[in-house]
Amino acid sequence: MEDISSGFYRRISTGVKGLDDLIGGGLIPGRVYVVTGPPGSGKTTLGIQFLVEGAKNWEKGVYISLVDDPKTIIQDMFHYKFNLLSFIRSKKIVIYDLSSTITAGDKKPSWGEILDEIKMIIVNENAKRVVIDSFTPLELMVRDPENKRRELVRLIKLLSLMGITAFVITEMMESDKYTDDYYVASGVIVMHHFMRNFQMVRGIQILKMRGTAHDSNMKKVRFTENGIEVYNEAPW
Ligand SMILES: Nc1ncnc2c1ncn2[C@@H]1O[C@H](COP(=O)(O)OP(=O)(O)O)[C@@H](O)[C@H]1O
Ligand SMILES: [Mg+2]
């Protein structure tokens, strides 16, 4: 539990250069953060950097993939200097492929069953940092797609009770702006990737961060050999 007597929170690093400075020194541990944005905006990379940072400090990290094949993620991360594979080999980071479980049987699972599975993994692994990537595209694969919003809120509340620090990644669709999960999460980080003056621009925005004074303007993002880096300036 957080020590609330002092009025000051302990902070843990996101693992992303420049990002901690935008959020009062880092994330408040034990809370759940939603990371959202369009495809290719850097959500998965951000999630992996967050786990690598934990693994460097012996915090067990669990990445639960609901959509992508973990092999693809590991391959994509080869381009960066941080050595994801070495942390996987030493079991400081464990990647779970729920995508194959979800699509394997002849019967589609319900959201409830997927959430139970997520909970079991986190408890069994004694994880400190968790990334769930990503929730939204599952709609077509579950028995009860109409329950998506409700179950996403339930997942965030469940993770909050588990005392872990978690990133719940969702794919942002235009029609999805300001959804229920934004209200129950402790923070909302939006990754941007859009066209401006015929050039694609990358940005990051702290839409919400409880317990933290922060600037919610969009900031510049660059992909470097160390992964994503954030600059405290406009992205153009
Ligand atoms: N070295 C790089 N330089 C510029 N862009 C890169 C680099 N490496 C990856 N990317 C971009 O990052 C994207 C992948 O980011 P990813 O974290 O998978 O996004 P998301 O999970 O939001 O879909 C790629 O589509 C590519 O556009
Ligand atoms: Mg992704």
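No experiment lies behind these values; they were computed from the predicted model shown. Atoms within each ligand, like the ligands themselves, are counted from 1 in listed order.
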Is there any protein N/O under 3.5 Å from an N/O of ligand 1, and what does the full list of such pairs look like?
from: ligand 1; atom 1: 8 (N); to: Tyr80; atom 2: OH; distance (Å): 3.1
from: ligand 1; atom 1: 17 (O); to: Thr44; atom 2: N; distance (Å): 3.3
from: ligand 1; atom 1: 17 (O); to: Thr45; atom 2: N; distance (Å): 2.8
from: ligand 1; atom 1: 17 (O); to: Thr45; atom 2: OG1; distance (Å): 2.5
from: ligand 1; atom 1: 19 (O); to: Gly42; atom 2: N; distance (Å): 3.0
from: ligand 1; atom 1: 21 (O); to: Thr44; atom 2: N; distance (Å): 2.9
from: ligand 1; atom 1: 21 (O); to: Thr44; atom 2: OG1; distance (Å): 2.8
from: ligand 1; atom 1: 22 (O); to: Ser41; atom 2: N; distance (Å): 3.2
from: ligand 1; atom 1: 22 (O); to: Ser41; atom 2: OG; distance (Å): 3.4
from: ligand 1; atom 1: 22 (O); to: Gly42; atom 2: N; distance (Å): 3.0
from: ligand 1; atom 1: 22 (O); to: Lys43; atom 2: N; distance (Å): 2.9
from: ligand 1; atom 1: 22 (O); to: Lys43; atom 2: NZ; distance (Å): 2.7
from: ligand 1; atom 1: 23 (O); to: Gly40; atom 2: N; distance (Å): 2.7
from: ligand 1; atom 1: 27 (O); to: Arg202; atom 2: NH2; distance (Å): 2.9

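- The side-chain heavy atoms of Val62 and Arg129, taken from C-beta on, include no pair separated by under 4.5 Å.
- Remark: Lys119 NZ is loosely packed, at most 12 non-hydrogen atoms of other residues, nucleotides or ligands lying under 6.0 Å away.
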_Test side chain to side chain donor-acceptor pair (under 3.5 Å) applied to Ser65 and Ser99, step by step_ = CA-CA 6 Å; Ser65 176; Ser99 64; 5.0 Å; no

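- Residues Ile114 and Leu66 are in side-chain contact: their nearest non-hydrogen atoms beyond the backbone lie under 4.5 Å apart.
- Not one N or O on the side chain of Arg10 forms a donor-acceptor pair closer than 3.5 Å with the backbone of Ile28.
- Protein atoms that are N, O or S and lie under 2.8 Å from the Mg ion (ligand 2) are these: Thr44 OG1.
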List the atom pairs, donor and acceptor, that lie under 3.5 Å between side-chain atoms in residues 71-81 and the rest of the protein, sequence neighbours left out.
from: Thr72; atom 1: OG1; to: Asp69; atom 2: O; distance (Å): 3.3
from: Lys81; atom 1: NZ; to: Glu225; atom 2: OE2; distance (Å): 2.9

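- Side-chain atoms of Thr36 and Tyr182, non-hydrogen and from C-beta on, do get closer than 4.5 Å to each other.
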*Check the pair Glu113 / Arg143 against salt bridge (Lys or Arg N to Asp or Glu O under 4.0 Å), numbers first and verdict last.*
CA-CA 10 Å; Glu113 285 161 4; Arg143 227 173 29 235; 3.4 Å; yes

Solution key, residues 189-199 side-chain donor-acceptor pairs under 3.5 Å, sequence neighbours excluded:
from: His192; atom 1: NE2; to: Gln205; atom 2: OE1; distance (Å): 2.7

